[in-house]
Novice: 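I am attaching a structure below and will ask some questions about it afterwards.
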Amino acid sequence: MKTKNILYTLALAVIMASCTGHPSVPTDAQRESRLPKIFPDYTEVTIPSNICPMNFAVQEGATDVVARLTYPNGEITYGDGQKVIIDEEEWTGILKASKGKSITVEIYAKIDGKWKVFNPFNINVAEEAIDPYISYRVIQPSYVAYEKLSINQRNLTNFDEKEIYNNMSVSTESTGQCINCHSYQNYKTDNMLFHMRQGYGGTMIVSNGELKKVDLKTEETISAGVYPAWHPTKNYIAFSTNSTGQSFHTKDLAKIEVQDTESDLILYDVDKNEVSIISELDDELEVFPTWSPDGKKLFFCSAHFEFYNDSISKETEMIKRYKEVKYSLYSADFDPETKRFSNMQMIFDAADSLGQSVTLPRVSPDGRYLLFAKAEFGCFHVWHHDADIYLMDLNTGKTEDLKAVNSDRSESYPTWSSNGRWIMVASRRDDGNYTRPYIAYFDKNGKAHKAFEVPQKDPYFYTFFLRSFNRPEFMVEPVTISPQEFARKAKEEAVKAKYVKN
């Protein structure tokens, strides 16, 4: 009777473990002397101490898997078919126990009726947390059709995602709308913006919590504001103004080129609703402004390009010579009180010295480092498979390829977390067609660690959600203005900005 009770208790424990998502570890597994194939690849990554569960799928052709997670003073198992889905509440406890240490993961897979066990790997948990929110534009891989676009915000500490604004709230059959280039001042959302193009066009600006719709195009500027950068201490925004076109390849993996035939830099004073020109040099294509953390220096990219064929349009000549457009990195000093710029100079000669092109600079919160994307040519590197992320030490001028972050496909839109310990990029490494957000730890010694894909509740989410995640940005708080409020403001007439000569 005693033996029967013991067996009954053990059987009940196995059943309960299976029902609660904690399967038993197989005792007859054969060792495979390699790491398992998992998606997303979270092997030997370093993660924040406050991130959501790192759910993944085992891609070994298994019918069942068991993942044993061993962490300081604890051990737990998970398994759901081919997937490893981790309980959110339990994960919070695992992270707390593992902060500054590691979680060891050992995978058991039932393949052709037999259990195999693979070499364990670590998921390292950093001491530092990550900003709780990110935002990005969710877009189909289309080029000229304004179908459903949205700017979404995602809580990284769990799987919650909400729309900030959706263009379909105002689009009609005859009035399509493009939305893009969301930006925040100091990672907060009480000062933020995004652009609306075509139908109900204008720049949506939230200034100290107040919602405005502004038309930044003046007679003296090329266009309305395009690529934005909020000043860190003043209510100013630096923009590029661009005459942008696109052309298409018939035999090229890149598919499309986005080119500017003209581009300048402007400064917008939000409080005064005034636009002034920063730089409009002849034969220079200035673009992608970004500020130093103290607001006393503006970084940007510029390409020297001279049109010489008067028999064709600038657009046609640019299409014919698109590989000649190469951007280098510049800086200019700025006086926040007078709004005057000075000492404009090249700080990284990518075009002439390297025959390369750099774009999308972003300065670390401590002012020490600068990230940028580099490729063979052009300014829209999201379409260029050779685009990689580089790091410049602003103290020494030394640059390096962030190999731990990069892949053999496009990396673009680099950005820093507010504490400077995390880097986020838009990467096409999964399939070459869709950009997805990847995050990498950047330690106090200036070393970047292996990048990992932003986790989703379903590990296969990125394989069936056929949208790109563009311009990922960190946020320390969510946007609280509702999509409906943005839509109501979008239908109003935009307030015209005034041009002032500075």
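Numbers here are sequence positions counted from 1.
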Novice: How far apart are the C-alpha atoms of R362 and E473, what are their side-chain angles, what is the distance that settles it, and do they pass the salt bridge (Lys or Arg N to Asp or Glu O under 4.0 Å) test?
Specialist: CA-CA 11 Å; R362 298 297 287 267; E473 296 282 350; 3.1 Å; yes
Novice: Give me the ring orientation class for F452 and Y42: parallel if the planes are under 30° apart, tilted from 30 to 60°, perpendicular past 60°.
Specialist: perpendicular
Novice: Give a yes or no on whether the backbone of E376 and the side-chain of D386 come within a donor-acceptor separation of less than 3.5 Å.
Specialist: yes
Novice: Show me the pairs that pass ring-ring contact (aromatic ring centres under 6.0 Å, His included) and involve residues 187-208, at least two apart or across chains.
Specialist: Y165-F194, F194-F486, H195-F239
Novice: Could you tell me whether K212 atom NZ has more than 12 heavy atoms of other residues or ligands within 6.0 Å of it?
Specialist: yes
Novice: Would you confirm whether the ring centroid of F288 sits within less than 6.0 angstrom of the ring centroid of Y327?
Specialist: no
Novice: Can you list every pair that meets salt bridge (Lys or Arg N to Asp or Glu O under 4.0 Å) and has a residue in residues 400-415, with sequence neighbours left out?
Specialist: E411-R429
Novice: Which class fits the ring pair Y460 and F39: parallel under 30°, tilted 30 to 60°, perpendicular over 60°?
Specialist: parallel
Novice: Nearest 0.5 Å, please: how far is CD1 in I139 from OG in S468?
Specialist: 7.5 Å
Novice: Would you kindly say whether T92 and E89 are connected by a side-chain donor-acceptor distance under 3.5 Å?
Specialist: no
Novice: For W383, is the NZ or CZ atom of R428 found under 6.0 angstrom from the centre of its six-membered ring and inside 45 degrees of the ring axis?
Specialist: yes
Novice: Does the pair R368/D393 count as a salt bridge with the N-to-O cut at 4.0 Å?
Specialist: yes
Novice: Check the orientation of F461 and F465. Use parallel for under 30°, tilted for 30 to 60°, and perpendicular for over 60°.
Specialist: parallel
Novice: Is atom CG of D366 surrounded by more than 12 heavy atoms (other residues, nucleotides or ligands) closer than 6.0 Å?
Specialist: yes
Novice: Start with the C-alpha gap between E127 and K444, add the side-chain angles, then the distance that decides, and say whether salt bridge (Lys or Arg N to Asp or Glu O under 4.0 Å) holds.
Specialist: CA-CA 11 Å; E127 292 278 357; K444 61 184 179 181; over 6 Å; no
Novice: Between the main-chain N or O of A129 and the side-chain N or O of N50, is there a donor-acceptor pair closer than 3.5 Å?
Specialist: no
